[in-house]
Amino acid sequence: MLQNRTFLITNGRIVTWADPNEIIENGGILVEDGRIAKIGSSAELIAAHPDLEQLDTGNQLVMPGNICAHTHFYGAFARGMGIPGPPPKDFPDILERLWWRLDRALLDLDTEYSALVCLVDAIKHGTTTLVDHHASPSALNNSLDMIADAVEMAGVRAALCYEVTDRNGPEEAIAGIGENVRFLYSLKERESELLAGTFGLHASLSLSDETLANCVAAAADLDTGFHIHVAEHEADEYDSLHKYGQRVAPRLAEAGILGPKSIVAHAVHVDAVEKNILRETGTWVTHQPRSNMNNAVGAADIEGMLRLGIPVCLGNDGFSNNMWAEWKMAYLMHKQVHRDPRRANGMDIVQMAIHNNAALADMFWPGKQIGRLVGGAAADIIFVDYHATTPLSAGNLPWHIIFGFESSLVTSTMVAGKLLMHNRELLTLDEAEITERSRQLAAEVWQRYEKLS
């Protein structure tokens, strides 16, 4: 299948997600060397290139691959795991008793296979670009290479970083800084069009002023920003106020962490002044509604931040890589929280999940135009077997996605013109082997976790 780097995608209903969005009926795409060379009518492209190999979509929707702005591959082995003792009472309790013990239980192979599990999931769900935030204190050195190798094997795009924290002592914080720096330099040697990187930090509540200063100094020559959790729970704000006499955003801004290349995840409990700081610094914000609901941390003011011009993106925080599920939760969550069906309009969801996520991807992969199907863009494309029972147009497509799309509708996934899945058959990863091995490894991780509890 697709032995040549130049081929035609034919007989599709092409959703460009350009601005404005357009659906091209009976459309075709000429792909050359991993890029979209031309989009037009299927018949015209076939007539102009009669000898090219064709990938006939059978009148499916042809769309850009989905983008996830914030995830945690390392959390894959938590699914189904019990937490000893009474149920966690709040998010700080969840951090202490689940995540900060689980990440310490991960070894090298666990890092690799938890990433592979998530990459299988991403390809099957049509998510082709992910921004990951990793932690594995017991297997820290070269951990990002383990993930990077898995990403290249899978064929998706991913921007990686390691979570620096003081919670396990100063030596680990120094090692985390070193892992970020080492990996960012290594990207130049890899020369992979699939990989990118940033500088990972946990959260204000687990980072001293000294460590923040060390991170900023270490990143000075790397042309990078930072990827950090901000105000996911009130505890982050309370900690900053108690220790440093100011809220999280001004603290991070003064330290040099915020800026147009930095990402803050969640921002659930930032106040009006902090929102202005995020806007003035040009910092990216990611919204993860399923995770916020699961952790009972509250709902971020996504509409207010969008109105201010803050680039709010959509992530999943390590939940499944079905980004349409994240669309649905974002659309419904804010209506419920505010008891107002007018909140979180479908176009707000599009602004986050499509346009802002695409702009974030542009920061990591400049010139690729990821997230839209236009001439010159990377051929990161999915086929969606959705045949609407009501009229479908560019204008009402968001509501079809929210109320009609399911992840099972993705039949083919392509990145840079390479098929990763076709007709629901994975082509780059052995799902059966990954599933069997990860089940074995996860059982061992759970045993180590229980000893740490």
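These figures come from a predicted structure and were not determined experimentally. Note that these values count all heavy atoms, side chains included, but never hydrogens, waters or copies made by symmetry.
Judged purely by atom type and a 3.5 angstrom limit, Trp284 has no side-chain atom pairing as donor or acceptor with the backbone of Val312. Looking only at distances, no side-chain donor or acceptor of Ser412 sits under 3.5 Å from a matching main-chain atom of Phe383. The backbone N or O of Met323 lies less than 3.5 Å from no partner atom in the side chain of Asn66, so there is not a single donor-acceptor pair. Side-chain atoms of Asp236 come within 3.5 Å of backbone atoms of Leu205 as a donor-acceptor pair (strictly under, hydrogens ignored). The backbone N or O of Arg104 lies less than 3.5 Å from a partner atom in the side chain of Ser138, making a donor-acceptor pair. Thr413 places a side-chain N or O within 3.5 Å of a backbone atom of Ile123 that can act as its donor or acceptor partner. Not a single donor-acceptor pair under 3.5 Å links the side chain of Trp324 to the backbone N or O of Ser407. When atom types are taken as modelled, the side chain of His72 and the backbone of His133 share a donor-acceptor pair closer than 3.5 angstrom. Proximity of a side-chain donor or acceptor of Arg101 to a complementary backbone N or O of Lys451 within less than 3.5 Å is not detected. No side-chain donor-acceptor contact under 3.5 Å links Asn180 to the backbone of Ile177.
Between Asp19 and Arg372 no salt bridge is recorded (no basic side-chain N to carboxylate O distance below 4.0 Å).
Closest approach of Pro289 and Met333 over heavy atoms only: CB-SD, 3.7 Å. Closest non-hydrogen pair, Tyr162 versus Leu144, comes out as N-CD1, 3.8 Å. Nearest heavy-atom pair across Gly259 and Thr283 is N-OG1, 2.9 Å. Heavy atoms only, all atoms of each residue included: Leu106 and Ser136 are closest at CB-CB, 4.2 Å. When all heavy atoms are compared, the tightest approach of Ile402 to Gly346 is CD1-CA, 4.3 Å. The minimum heavy-atom distance linking Thr224 with Gly197 is given by the pair OG1-O, 4.1 Å.
Side-chain contact of Asp380 with Thr128: a donor-acceptor pair under 3.5 Å is absent, judged by distance alone. For the residue pair Asn142/Arg182, the side-chain donor-acceptor check at 3.5 Å is satisfied. A donor-acceptor contact closer than 3.5 angstrom is absent between the side chains of Asn26 and Ser42. A donor-acceptor contact closer than 3.5 angstrom is absent between the side chains of Thr127 and Asn321.
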Scan the side chains in residues 78-85 for donor-acceptor partners under 3.5 Å anywhere in the protein, sequence neighbours excluded, and list what turns up.
none

I'd like a table of donor-acceptor pairs (distance under 3.5 Å, sequence neighbours excluded) in which one partner is a side-chain atom from residues 32-39, with atom names and distances.
from: Arg35; atom 1: NH1; to: Gly367; atom 2: O; distance (Å): 2.9
from: Arg35; atom 1: NH1; to: Gly376; atom 2: O; distance (Å): 2.7

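A cation-pi arrangement is present between Lys335 and Tyr331, with the terminal nitrogen or guanidinium carbon under 6.0 Å from the aromatic centre and inside a 45° cone about the axis.
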Test side-chain contact (heavy atoms from CB on, under 4.5 Å) applied to Glu232 and Asp317, step by step: CA-CA 11 Å; Glu232 184 173 1; Asp317 208 32; 4.0 Å; yes
Worked check of side-chain contact (heavy atoms from CB on, under 4.5 Å) between His355 and Val350: CA-CA 7 Å; His355 302 303; Val350 168; 3.8 Å; yes
Residue pair Ile302, Gln351: steps toward the side-chain contact (heavy atoms from CB on, under 4.5 Å) verdict: CA-CA 11 Å; Ile302 59 169; Gln351 185 63 48; over 6 Å; no
Worked check of side-chain contact (heavy atoms from CB on, under 4.5 Å) between Asn294 and Phe319: CA-CA 10 Å; Asn294 182 56; Phe319 268 67; 3.8 Å; yes
Stepwise salt bridge (charged side-chain N to carboxylate O under 4.0 Å, His left out) check, Arg437 with Asp430: CA-CA 11 Å; Arg437 189 70 177 108; Asp430 184 340; over 6 Å; no
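Side-chain contact between His134 and Glu179: absent, with no pair of heavy atoms (C-beta onward) separated by less than 4.5 Å. Inter-residue side-chain proximity for Glu433 and Tyr113 is flagged as met; some heavy-atom pair is nearer than 4.5 Å. Counting heavy atoms from C-beta outward, Thr10 and Leu45 have side chains that stay 4.5 Å or more apart. Counting heavy atoms from C-beta on, the side chains of Leu392 and Leu397 come closer than 4.5 Å. The shortest side-chain heavy-atom distance between His287 and Val285 does not fall under the 4.5 Å cut-off. Here the side chains of Leu98 and Pro88 are not in contact, with every heavy-atom distance at 4.5 Å or above. Between Leu30 and Leu8, some side-chain heavy-atom pair lies under the 4.5 Å cut-off. Residues Phe199 and Val164 have side chains in contact (heavy-atom distance under 4.5 Å, counting atoms from C-beta outward).
The environment of Lys368 atom NZ is dense: over 12 non-hydrogen atoms of other residues, nucleotides or ligands sit within 6.0 angstrom. More than 12 non-hydrogen atoms from other residues, nucleotides or ligands lie less than 6.0 angstrom from CD of Gln440. The number of heavy atoms from other shown groups lying within 6.0 Å of CD (Glu425) does not exceed 12.
Taking the six-membered ring for Trp and thresholds of 30 and 60 degrees, His229 and His202 have ring planes inclined between 30 and 60 degrees apart. Classification of the His400-Tyr386 ring pair by plane angle, with boundaries at 30° and 60°, yields perpendicular. Ring geometry for His338 against His334 counts as parallel: the plane angle stays under 30°, on a 0 to 90° scale with 60° as the upper cut.
No option in Val384, Ile382, Val410, Asp385 other than Val384 meets the side-chain contact (heavy atoms from CB on, under 4.5 Å) test with Leu61. The side-chain contact (heavy atoms from CB on, under 4.5 Å) with Ser438 is formed by just one residue from the set Val117, Leu116, Leu109; it is Val117.
Rounding to the nearest 0.5 Å places CD1 of Ile228 at 8.0 Å from CG of Leu258. The structure places CG of Asn295 at 13.0 Å from CZ of Arg290, a figure rounded to the nearest 0.5 Å.
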